[in-house]
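Whatever order the structure lists ligands and atoms in, that order sets their numbers, starting from 1. Just so it is clear, the model here is predicted, and its values are computed rather than measured.
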Amino acid sequence: MRGADEALIVIDVQNDFCPGGALAVTGGDEIIARINALMAEFSCVVLTQDWHPANHASFAANHPGAAPFSLTQMPYGPQVLWPTHCVQGTKGAEFHPNLRTDPAQLVIRKGFRAGIDSYSAFFENDKTTATGLHGYLQDRGARKLTLVGLATDYCVAYSALDAAKLGYQVTVLEGACRAIDLNGSLAAAMTETRAAGVIWAA
Ligand code: VGL
Ligand code: ZN
């Protein structure tokens, strides 16, 4: 068992990010067995769930003429336009059926405001709107975070970066993550998070 100040954060292991899903990450389902086993090591386990309304501004389908994976400008900065995914209440937004959810004490949903995307589990993409996770982790006494899940270069990396900025000791278990890798996004994410003090382990 890990220390009482350690927490496991499982990012977005949902059907739409797994093979067959709307925004499938290659090998996304391969990490589930390891994540299930890891949960038993931590007294604090949090799951995150990408949870968008159908009219979400990050969906290419809501921008007439825009192609999926193209870039647009939002009031808060550049934003990738994604295929419609993780719509609230749909099968695609559910956790993968093989993921154990019973060991988690908190499920935090993000990306539920139509106008703002949220990659990070801590702050939405405007970098100011908080999800509430930091307050929860503080109340639980967590200081060291282990991050796993999908996708390495988006929600996992953005969460790791914010966690490091908030003062947590952060480790990403790369082997328990899978990446989208859009235009060098994986290398960029690893460089940026390492510079912020995030440790990448196997
Ligand atoms: C994610 C793109 C859009 C992720 C979520 O979980 O990494 N990526 N929404
Ligand atoms: Zn999303």
Side-chain angles (χ1 to χ4, degrees), residues 8-32 35 46-63 66-72 74 76-96 99 101 104 107-127 129 131 133 147-163 170 172-174 176-190 192-193 198 200:
L8 178 68
I9 315 292
V10 181
I11 307 284
D12 298 2
V13 182
Q14 294 164 260
N15 288 322
D16 270 343
F17 297 122
C18 290
L23 180 42
V25 180
T26 305
D29 55 345
E30 296 169 2
I31 63 177
I32 296 172
I35 293 173
V46 175
L47 309 180
T48 74
Q49 195 171 22
D50 213 34
W51 195 251
H52 302 307
N55 65 342
H56 198 252
S58 80
F59 296 164
N62 294 326
H63 299 256
F69 304 105
S70 65
L71 212 58
T72 192
M74 296 287 202
Y76 53 79
Q79 168 73 48
V80 177
L81 292 177
W82 301 106
T84 299
H85 65 278
C86 297
V87 173
Q88 296 169 2
T90 64
K91 199 88 194 158
E94 289 176 13
F95 291 113
H96 188 285
L99 182 75
T101 58
V107 174
I108 191 134
R109 289 173 168 169
K110 60 185 179 60
F112 54 79
R113 292 180 180 85
I116 318 180
D117 205 2
S118 188
Y119 295 150
S120 165
F122 293 93
F123 294 102
E124 303 198 352
N125 287 9
D126 63 1
K127 296 186 165 68
T129 306
T131 63
L133 180 57
L147 272 63
V148 298
L150 306 170
T152 320
D153 42 346
Y154 285 94
C155 290
V156 176
Y158 278 73
S159 299
L161 192 59
D162 281 346
V170 186
V172 177
L173 298 182
E174 201 182 347
C177 301
R178 289 294 184 274
I180 295 173
D181 205 10
L182 187 63
N183 303 317
S185 56
L186 180 58
M190 291 189 74
E192 195 181 0
T193 52
V198 172
W200 288 76

Can you tell me the N, O or S atom of Asp50 that's nearest the Zn ion (ligand 2)?
OD2

Kindly assign one of parallel, tilted or perpendicular to the pair Tyr158 and Tyr154, based on the angle between their ring planes and the thresholds 30° and 60°.
parallel

Taking the six-membered ring for Trp, is the centroid-to-centroid distance between His85 and Phe59 below 6.0 Å?
yes

I'd like to know whether ligand 1 has Gln14 as a neighbour, heavy-atom separation below 4.0 Å.
no

Hey, is the main chain of Phe123 close enough, under 3.5 Å, to the side chain of Thr131 for a donor-acceptor pair?
no

Rounded to the nearest 0.5 Å, what separates atom CG in Leu150 from atom CG in Asp16?
11.5 Å

Judging by distance only, is a nitrogen or oxygen of Phe17 under 3.5 angstrom from one on ligand 1?
no

Main-chain N/O of Leu161 paired with Glu192 side-chain donor or acceptor, under 3.5 Å:
no

Ligand 1 to Asp12 polar contact by distance, N or O atoms, under 3.5 Å:
yes

Hey, does the side chain of Asp153 reach the backbone of Asp181 with a donor-acceptor pair shorter than 3.5 angstrom?
yes

Proximal atoms of ligand 1 relative to Asp50 (non-hydrogen, under 4.0 Å)
5 (C), 9 (N)

In this structure, the Zn ion (ligand 2) sits at the vertex of an angle between NE2 of His85 and NE2 of His52 that rounds to 10° as 100°

Below 3.5 angstrom, do we get any N/O pair linking Lys110 and ligand 1?
no

Any N or O on His85 sitting closer than 3.5 Å to an N or O of ligand 1?
yes

Pull out every atom of ligand 1 sitting under 4.0 Å from any heavy atom of Leu150, numbered as shown with elements.
4 (C), 6 (O), 7 (O)

Spell out, as yes or no, whether a donor-acceptor pair under 3.5 Å connects the side chain of His96 to the backbone of Val13.
no

With respect to Cys155, determine whether any N or O atom, backbone or side chain, lies less than 3.5 Å from an N or O atom of ligand 1.
yes

